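Take a look at the structure below.
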Amino acid sequence: MSFIYLIVQQKTSLCKIPNTIHVHSKVLQSSKKNCIIQNMISFESDYIEGAHPKILEQLIKTNMEQLSGYGNDIYTANAKAKIKEACKSDNAQVTFLVGGTQTNQIIIDTTLKPYEGVIAAETGHVSTHEAGAIEYTGHKVLCIPQHEGKIKAEELSKFIDEFYSDENHEHEVFPGMVYISHPTEYGTIYSKKELQDIHSACTKHSIPLYIDGARLGYALMSKKSDLSLSDIARLCDIFYIGGTKVGALCGEAVVFTHNNKPDHFETLTKQHGALLAKGRLLGVQFDALFTDNLYLQISQNAIKTADMLKEAFKAKGYRFFIESPTNQQFIIIENKKMEELKKEVTFSFWQKYDETHTVARFATSWATSKENVEKLIALL
């Protein structure tokens with residue numbers, strides 16, 4: 001058995017921990033000389049593992065090559081070409097950023113004029129879970145109603161029409177773009193018809209549609225999905241293909257779909273402190289992810305294991321807070337049972353349901369093992 005080593009309290013004594021890929025280890029210090037390892041199975045999020053082995057192989061294989069910085073290397077060029085081909089778009093411009101919040105902030109800030117804001121669902125990621133990163137750049141998030149995490153085209157059009165019908169709108173924040181995520185914060189997905197309608201509403205009002213694709217692979221592989229990657233590219237102005245949550249160590253591939261990348265985007269990215277000197281890190285990873293359809297293949301695992309969990313929760317009488325067809329499952333759990341599960345399993349608090357129940361999120365990923373799913377099911 002191979003081992004990784006944990007240095008405790010900066011001392012030279014080492015504790016051996018089995019190198020089990022799918023197990024989260026909680027370390028508890030029992031004394032100055034010893035440590036107790038409690039193995040926990042984790043459904044906390046979809047980025048708790050490192051990276052797919054094929055990505056690591058490529059990073060190691062190319063490690064000692066001397067390559068130009070800032071993404072001006074052959075692997076980044078290959079990745080861009082492969083993504084354009086997968087999107088079936090000759091007019092697409094592809095660039096790479098490190099993480100999701102960084103990507104949302106930079107895309108929104110560089111697309112909007114100083115007096116514009118971004119329209120999003122009231123439960124949208126930029127509205128709730130990014131610590132005011134959008135507002136930090138001086139742009140307001142303009143919230144509209146959500147329906148299981150999604151927005152509706154008719155309500156979007158009404159919001160924009162009402163803005164311009166207000167004779168005082170010159171004193172207000174202008175709606176400058178629309179943000180949606182696919183899948184949403186609740187794991188729900190847009191149908192092709194829904195996306196077409198939203199795209200049409202944006203086109204009618206001459207504002208760009210931006211899709212946050214942090215978990216895009218899981219949306220595309222959902223059994224309920226009728227959208228392809230080329231559909232996504234055709235029905236929005238900007239989107240990104242999430243790598244951090246779908247097999248990469250880090251990284252998101254931003255696609256400007258109509259040759260519409262902002263002028264001097266590299267300079268603007270550097271102003272945000274986000275231009276990665278060793279751009280090869282992102283290029284090599286996405287080159288691997290878009291070789292032999294790896295991105296979509298590994299995304300299937302998250303759906304399969306989530307479906308296993310879903311069926312088990314249903315069979316054992318648990319209620320669902322929302323019906324999600326992707327890798328995030330939202331379960332209403334009695335508080336006492338939740339505390340019992342916490343002793344063996346890590347998962348995410350979502351929200352309080354009532355005095356005796358909590359909504360918990362269980363997330364699967366490209367790397368979730370059937371064995372860990374079965375362990376969780378046994379504890380339910």
Side-chain angles (χ1 to χ4, degrees), residues 2-6 17-28 37-56 59 98-103 125 129-131 181 183 185-187 212-219 221 241-252 281-282 285-286 288-289 294-295 297-310 312-313 324 326-331 333 338 341-350 358-380:
S2 60
F3 295 90
I4 56 175
Y5 294 92
L6 174 69
I17 310 171
N19 186 11
T20 306
I21 294 177
H22 300 290
V23 175
H24 173 71
S25 295
K26 182 179 179 181
V27 181
L28 304 173
I37 306 303
Q38 179 182 353
N39 288 330
M40 306 276 284
I41 53 174
S42 181
F43 293 86
E44 186 176 358
S45 189
D46 36 22
Y47 51 86
I48 55 174
E49 292 90 4
H52 191 276
K54 288 188 177 180
I55 287 178
L56 295 179
L59 288 170
V98 172
T101 298
Q102 179 194 83
T103 299
H125 197 64
H129 286 150
E130 294 198 315
S181 58
E185 289 296 279
Y186 290 100
D212 177 333
R215 297 181 170 95
L216 185 58
Y218 305 141
M221 288 296 99
I241 302 166
T244 301
K245 293 181 171 73
V246 192
L249 281 172
C250 61
E252 326 297 331
L281 173 64
L282 304 177
Q285 292 186 84
F286 275 92
L289 281 173
L294 181 64
Y295 185 75
Q297 286 180 5
I298 65 174
S299 295
Q300 290 177 337
N301 182 72
I303 303 302
K304 290 178 181 177
T305 49
D307 285 347
M308 287 175 62
L309 270 184
K310 184 185 296 186
F313 277 119
S324 165
T326 57
N327 71 312
Q328 301 178 88
Q329 299 301 313
F330 300 87
I331 314 299
I333 299 183
M338 184 178 68
L341 282 177
K342 281 183 178 180
K343 296 174 183 178
E344 305 290 339
V345 186
T346 59
F347 50 90
S348 297
F349 168 89
W350 194 253
T358 297
V359 179
R361 186 191 71 171
F362 293 79
T364 58
S365 78
W366 60 274
T368 301
S369 69
K370 180 180 177 181
E371 291 75 19
N372 276 357
V373 172
E374 289 173 343
K375 288 178 183 178
L376 172 57
I377 291 172
L379 296 170
L380 296 180

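None of these values were measured; they are calculated from a predicted model. This chain uses plain numbering: 1 for the first residue, then up along the sequence.
- Within 6.0 Å of the OH atom in Y47, the count of heavy atoms belonging to other residues, nucleotides or ligands does not exceed 12.
- Formation of a donor-acceptor pair under 3.5 Å by the Y295 side chain with backbone atoms of I241 is not found in this model.
- The closest donor-acceptor contact from the side chain of S365 to the backbone of A367 lies under 3.5 Å.
- The only option from V345, T346, L341 that meets the side chain to side chain contact (heavy atoms under 4.5 Å, CB included) definition with F43 turns out to be V345.
- Using cut-offs of 30° and 60° for the angle between ring planes, the W350 and H129 rings count as perpendicular.
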Given L282 and C250, is the side chain to side chain contact (heavy atoms under 4.5 Å, CB included) satisfied, shown in steps?
CA-CA 7 Å; L282 304 177; C250 61; 4.1 Å; yes
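- Going from atom OG1 of T244 over to atom CD of Q285 covers 8.0 Å, rounded to the nearest 0.5 Å.
- The minimum heavy-atom distance linking A248 with L289 is given by the pair CB-CD1, 4.2 Å.
- Between F347 and F362, the distance from one ring center to the other falls under 6.0 angstrom.
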Under the side chain to side chain contact (heavy atoms under 4.5 Å, CB included) criterion, do H52 and I298 qualify, and how do the steps go?
CA-CA 9 Å; H52 191 276; I298 65 174; 3.5 Å; yes
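- Here the closest non-hydrogen pair linking E44 and S348 is O-OG, 2.7 Å.
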Between L281 and L59, is a side chain to side chain contact (heavy atoms under 4.5 Å, CB included) present by the stated rule, with each step listed?
CA-CA 7 Å; L281 173 64; L59 288 170; 4.0 Å; yes
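- When every heavy atom of Y218 is checked against every heavy atom of A302, the shortest pair comes out as CE2-CB, 3.3 Å.
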Does T368 form a side chain to side chain contact (heavy atoms under 4.5 Å, CB included) with V373? I'd like the steps, not just the answer.
CA-CA 8 Å; T368 301; V373 172; 3.8 Å; yes
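- Between A219 and P183, the shortest heavy-atom contact is CB-CD, 3.4 Å.
- The shortest non-hydrogen separation linking T364 to N327 is O-ND2, 2.7 Å.
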